[in-house]
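See structure below.
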Amino acid sequence: QVRLVESGGGSVQIGGSLTLSCAASRGTFSNYYYYMAWFRQPPGKERERVAGIDSNGITTYAEDVKGRFTVSKDNAKTTLYLQMNNLKPDDTAMYYCAKGKSWATRSSLSPDDFAYWGQGTQVTVSS
């Protein structure tokens with residue numbers, strides 16, 4: 001069973017930085033193709049994918065975070081990361097990591113394409 005646990009959220013000022021971590025249970029980063037992603041959900045809005053990385057290390061980003069966010073993974077630690085720089089108020093949200101279903105690829109934007117989710121970590125950006 002895949003278990004995902006996020007950490008690293010908090011409150012920062014505009015322009016600040018945070019690094020989120022997602023510790024995954026053993027075997028989550030399998031020998032087969034898989035896709036991992038970070039989603040966020042602002043209050044009252046739908047969950048959206050902000051960044052993803054596949055088993056080959058290929059990354060994808062939403063347009064509004066390109067150049068500011070970096071997704072990475074450490075296979076040995078079975079941990080997914082999201083480095084967030086130059087944070088803006090619009091980045092305020094609950095952030096979740098997720099593992100895609102067997103068919104999920106970097107084209108998978110819908111939460112319905114993801115089978116496993118962490119509990120989320122809150123990021124708040126204010127002036």
Identify each donor-acceptor pair in which a side-chain atom of residues 50-59 lies under 3.5 Å from a protein atom, sequence neighbours left out, and give them as a table.
{"residue": "Asp54", "atom": "OD1", "partner": "Asn56", "partner atom": "N", "Å": "2.9"}
{"residue": "Asp54", "atom": "OD1", "partner": "Gly57", "partner atom": "N", "Å": "3.0"}
{"residue": "Asp54", "atom": "OD1", "partner": "Ile58", "partner atom": "N", "Å": "2.9"}
{"residue": "Asp54", "atom": "OD2", "partner": "Tyr33", "partner atom": "OH", "Å": "3.2"}
{"residue": "Ser55", "atom": "OG", "partner": "Tyr34", "partner atom": "N", "Å": "3.3"}

Any idea which heavy atoms bring [X] and [Y] closest together, and the distance?
{"X": "Asn75", "Y": "Phe29", "answer": "OD1-CD1, 3.4 Å"}
{"X": "Thr70", "Y": "Tyr61", "answer": "CA-OH, 3.3 Å"}
{"X": "Gln122", "Y": "Thr92", "answer": "NE2-CG2, 4.1 Å"}
{"X": "Ala93", "Y": "Pro42", "answer": "CB-N, 3.6 Å"}
{"X": "Phe114", "Y": "Ala37", "answer": "CE2-CB, 3.6 Å"}

Show the numbers, then the answer: is there a salt bridge (Lys or Arg N to Asp or Glu O under 4.0 Å) between Asp90 and Arg68? CA-CA 13 Å; Asp90 283 350; Arg68 299 190 299 122; over 6 Å; no
Any side-chain heavy atom of [X] sitting closer than 4.5 Å to one from [Y]?
{"X": "Met84", "Y": "Asp91", "value": "no"}
{"X": "Trp117", "Y": "Arg47", "value": "yes"}
{"X": "Gln41", "Y": "Tyr96", "value": "yes"}
{"X": "Asp113", "Y": "Lys101", "value": "no"}
{"X": "Val123", "Y": "Arg40", "value": "no"}

Euclidean distance, Thr121 OG1 relative to Met94 CE, rounded to 0.5 Å: 7.5 Å
Euclidean distance, Cys97 SG relative to Tyr81 OH, rounded to 0.5 Å: 12.0 Å
Any donor-acceptor pair under 3.5 Å linking the side chain of [X] with the backbone of [Y]?
{"X": "Arg3", "Y": "Ser25", "answer": "no"}
{"X": "Gln119", "Y": "Val5", "answer": "no"}
{"X": "Lys99", "Y": "Thr28", "answer": "yes"}
{"X": "Ser30", "Y": "Gly27", "answer": "no"}

Just checking, is any N or O donor in the side chain of Thr60 or Arg49 under 3.5 Å from an acceptor N or O on the other one? yes
Report all side-chain donor-acceptor pairs from residues 15-24 shorter than 3.5 Å, counting only partners two or more places apart or in another chain.
{"residue": "Ser17", "atom": "OG", "partner": "Asn85", "partner atom": "OD1", "Å": "3.0"}
{"residue": "Thr19", "atom": "OG1", "partner": "Gln83", "partner atom": "OE1", "Å": "2.4"}

Can you confirm whether more than 12 heavy atoms, excluding those of Gln13, are under 6.0 Å from its CD atom? no
More than 12 foreign heavy atoms under 6.0 Å from NZ of Lys77: is that the case here? no
Any link between [X] and [Y] through a network of hydrophobic side chains (Ile, Leu, Val, Met, Phe, Trp, Tyr) touching at under 4.5 Å?
{"X": "Tyr116", "Y": "Val71", "value": "yes"}
{"X": "Val12", "Y": "Phe69", "value": "yes"}
{"X": "Leu80", "Y": "Tyr95", "value": "yes"}
{"X": "Phe39", "Y": "Tyr35", "value": "yes"}

